[in-house]
> 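Structure incoming, see below.
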Amino acid sequence: MSLSKVMLDREGRVLTPKAIKELITSFGESYTVATKDIIDKSQSLDQGGETFIWCAARILSNFGMTRAGIFHRDMKIILRDCWNVVGLDLLEIKASVNQSGLSRGRYLVELGAPEREALFDRIWRITKKLLPFSMGDTSYGLVGASKILFSVLPEIVLPVDNTEWLKVFKTVDLGDVLRVMVQDIQEWEALQGIQLTALDDTHRLTTLPAVYNVLAMEARSKVERG
């Protein structure tokens, strides 16, 4: 079994569907509502970047990243600069998702492996383009960049915080994080015989990264407490 600690409980046992449902329920309405907002809003992106700015601001605020740091002031100016650099990439990826004929919520596991690998490499290149705008005095910018990308590509990208980068996934490559996520999901669903996206009774977390994020956030307490 190659499941990461994200899909295991504190005793190293595979999380059950019931346990995952309970984690989602206890995670908090603020996250599920904000995530539904950006999933709905980011169905398509406009050429001018207004949807990008709205979604990114919504998620950065929800995750508390506007209280201090680089996004505390001039957030919309920074996001406009981000869009000017990565907007074309995001428009092309979103068009690929919408024209693929695949389920948006399960896009990552329905996409062919070669196409998925190419997509993850591209996501990492886009992440690196965002780092100069999300990097602060005490941050390398990976947290902000991943959350910005999640806000408009919630069917693809996982928002990753500092503890997850350092202790859960132990990498600085967002593409590698997404590879772990897909492997976890595919193996867990094969073991349990149920789709991960079927476990949110509120029907707000309708994409795989949105549900997996709840489990990744819970995994922080496992590594912090040993």
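All values below come from the heavy atoms of this structure, side chains included, with hydrogens, waters and symmetry mates left out.
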> For residues 148-161, which side-chain donor-acceptor pairs fall under 3.5 Å, sequence neighbours excluded?
from: Ser151; atom 1: OG; to: Ala56; atom 2: N; distance (Å): 3.3
from: Ser151; atom 1: OG; to: Ile148; atom 2: O; distance (Å): 2.6
from: Glu155; atom 1: OE1; to: Lys94; atom 2: NZ; distance (Å): 3.1
from: Glu155; atom 1: OE1; to: Arg104; atom 2: NE; distance (Å): 2.6
from: Glu155; atom 1: OE1; to: Arg104; atom 2: NH2; distance (Å): 3.3
from: Glu155; atom 1: OE2; to: Lys94; atom 2: NZ; distance (Å): 3.2
from: Asp161; atom 1: OD1; to: Thr163; atom 2: N; distance (Å): 3.3
from: Asp161; atom 1: OD1; to: Glu164; atom 2: N; distance (Å): 2.9
from: Asp161; atom 1: OD2; to: Arg220; atom 2: NH1; distance (Å): 2.4

> How close do Leu108 and Met181 get, heavy atom to heavy atom, and via which atoms?
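It is CD1-CE, 3.5 Å.
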> Given the rule that I, L, V, M, F, W and Y join up when any side-chain heavy atoms are under 4.5 Å apart, are Phe133 and Leu131 in one cluster?
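Same cluster.
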> Would you find a donor on one side and an acceptor on the other, under 3.5 Å apart, between the side chain of Ser134 and the backbone of Gly141?
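Checking the backbone N and O of Gly141 against the side chain of Ser134, a donor-acceptor pair under 3.5 Å is found.
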> Hey, quick one: are Val14 and Leu215 part of the same hydrophobic cluster, counting side-chain heavy atoms closer than 4.5 Å, chains of contacts allowed?
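Cluster IDs for Val14 and Leu215 match.
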> Can you hop from Leu142 to Leu166 via hydrophobic side chains spaced under 4.5 Å?
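No, separate clusters.
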> Name the atoms and distances for all side-chain donor-acceptor pairs under 3.5 Å in residues 123-130, with sequence neighbours left out.
from: Thr127; atom 1: OG1; to: Ile123; atom 2: O; distance (Å): 2.8
from: Lys129; atom 1: NZ; to: Asp89; atom 2: OD2; distance (Å): 2.9

> As an exercise, state the distance from CD of Glu22 to CG of Leu15, rounded to the nearest 0.5 Å.
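Answer for the CD-CG pair, Glu22 versus Leu15, is 10.5 Å.
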> For a side chain to side chain contact (heavy atoms under 4.5 Å, CB included) with Arg80, tell me which candidate from Ile78, Ile77, Asn84 qualifies.
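The single option meeting the side chain to side chain contact (heavy atoms under 4.5 Å, CB included) with Arg80 is Asn84.
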> To check you understand the geometry: which heavy-atom pair defines the closest contact between Val109 and Gln186, and what is its length?
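Result for this residue pair: CG1-CG, 3.9 Å.
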> Linking I/L/V/M/F/W/Y whenever any side-chain heavy atoms sit under 4.5 Å apart, do Leu88 and Ile93 land together?
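Different hydrophobic clusters.
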> Assess whether atom CD of Gln47 is packed by more than 12 heavy atoms of other residues, nucleotides or ligands within 6.0 Å.
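Open.
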> Which value, rounded to the nearest 0.5 Å, describes the distance between Asp200 atom CG and Lys21 atom NZ?
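It comes to 9.5 Å.
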> I want to check something: taking the side chain as every heavy atom from C-beta on, are Phe120 and Asp173 in contact at a cut-off of under 4.5 Å?
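They are not in contact (no side-chain heavy atoms under 4.5 Å apart), so the answer is no.
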> How close do Thr51 and Lys41 get, counting heavy atoms only, and between which atoms?
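In this case the closest contact between Thr51 and Lys41 is CG2-O, 3.4 Å.
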> Assess the residue pair Arg10 and Glu218 against the criterion (salt bridge (Lys or Arg N to Asp or Glu O under 4.0 Å)); give the C-alpha distance rounded to whole Å, side-chain angles, the decisive distance to 0.1 Å, and a yes or no.
CA-CA 10 Å; Arg10 296 183 187 281; Glu218 173 65 16; 3.8 Å; yes
> Enumerate the residue pairs fulfilling side chain to side chain donor-acceptor pair (under 3.5 Å) with a member in residues 52-64, sequence neighbours excluded, ordered by first and then second residue.
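Passing the test, one end in residues 52-64: Ser30-Asn62, Asp37-Arg58.
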> Report yes if the side chains of Asp176 and Phe169 come closer than 4.5 Å at any heavy-atom pair, otherwise no.
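Heavy-atom side-chain distance check fails, nothing below 4.5 Å.
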> Report the C-alpha separation of Thr35 and Thr207 in whole Å, then their side-chain angles, then the decisive distance to 0.1 Å, and conclude whether the side chain to side chain contact (heavy atoms under 4.5 Å, CB included) test is met.
CA-CA 10 Å; Thr35 300; Thr207 70; 5.7 Å; no
> Salt bridge (Lys or Arg N to Asp or Glu O under 4.0 Å) between Arg179 and Asp121: does it pass, once the steps are laid out?
CA-CA 10 Å; Arg179 290 180 182 95; Asp121 287 342; 2.8 Å; yes
> Hey, mind stepping through Val180 and Lys170 against side chain to side chain contact (heavy atoms under 4.5 Å, CB included) and telling me if it holds?
CA-CA 11 Å; Val180 171; Lys170 297 182 179 180; over 6 Å; no
> Atom CG of Leu199 and atom CG of Leu23: how far apart are they, to the nearest 0.5 Å?
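The distance works out to 10.5 Å.
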> Give a yes-or-no answer on whether the side chains of Gln183 and Ser2 include a donor-acceptor pair shorter than 3.5 Å.
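Checked: Gln183/Ser2 side chains pair up, N/O donor to acceptor below 3.5 Å.
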> Rounded to the nearest 0.5 Å, what separates atom OG1 in Thr202 from atom CD1 in Ile24?
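Here the interatomic distance stands at 7.5 Å.
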> Provide the closest heavy-atom pair for Tyr107 versus Ser100 in the form atom of the first, atom of the second, distance.
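The answer is CE1-OG, 3.5 Å.
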> Where is the tightest heavy-atom contact between Lys36 and Asp40, given as atom of each residue plus distance?
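The answer is NZ-OD2, 2.6 Å.
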> Between CG of Asp201 and OG1 of Thr32, what distance do you get to the nearest 0.5 Å?
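That separation rounds to 11.5 Å.
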> Between Leu178 and Leu119, does a side chain to side chain contact (heavy atoms under 4.5 Å, CB included) hold up when you go through it step by step?
CA-CA 10 Å; Leu178 301 183; Leu119 174 61; over 6 Å; no
> Grouping I, L, V, M, F, W and Y whenever their side-chain heavy atoms are under 4.5 Å apart, do Ile20 and Ile194 come out in a common cluster?
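Yes, Ile20 connects to Ile194 through the hydrophobic network.
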> Is the shortest distance from a Lys or Arg side-chain nitrogen in Arg116 or Glu110 to a carboxylate oxygen in the other one below 4.0 Å?
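Salt bridge absent between Arg116 and Glu110.
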> If we only count heavy atoms from C-beta on, is the Thr197 to Thr206 side-chain gap below 4.5 Å?
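Side-chain contact under 4.5 Å: no.
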> Any side-chain heavy atom of Leu205 sitting closer than 4.5 Å to one from Phe27?
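Leu205 vs Phe27: side chains apart.
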> Rounded to the nearest 0.5 Å, what's the gap from CZ on Arg106 to CG on Leu196? Could you check?
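Nearest 0.5 Å value for the CZ-CG distance: 8.0 Å.
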> If you look at every heavy atom in Met65 and Phe71, which pair is closest and at what distance?
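So the minimum-distance heavy-atom pair works out to O-CB, 3.4 Å.
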> With heavy-atom distances below 4.5 Å as the criterion, would you say the side chains of Ile185 and Val211 are in contact?
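No. Closest side-chain heavy atoms not under 4.5 Å.
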> Taking Val6's backbone N and O only, do any of them form a donor-acceptor pair with Tyr212's side chain (distance below 3.5 Å, no angle check)?
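Between the backbone of Val6 and the side chain of Tyr212 there is no qualifying donor-acceptor contact (under 3.5 Å).
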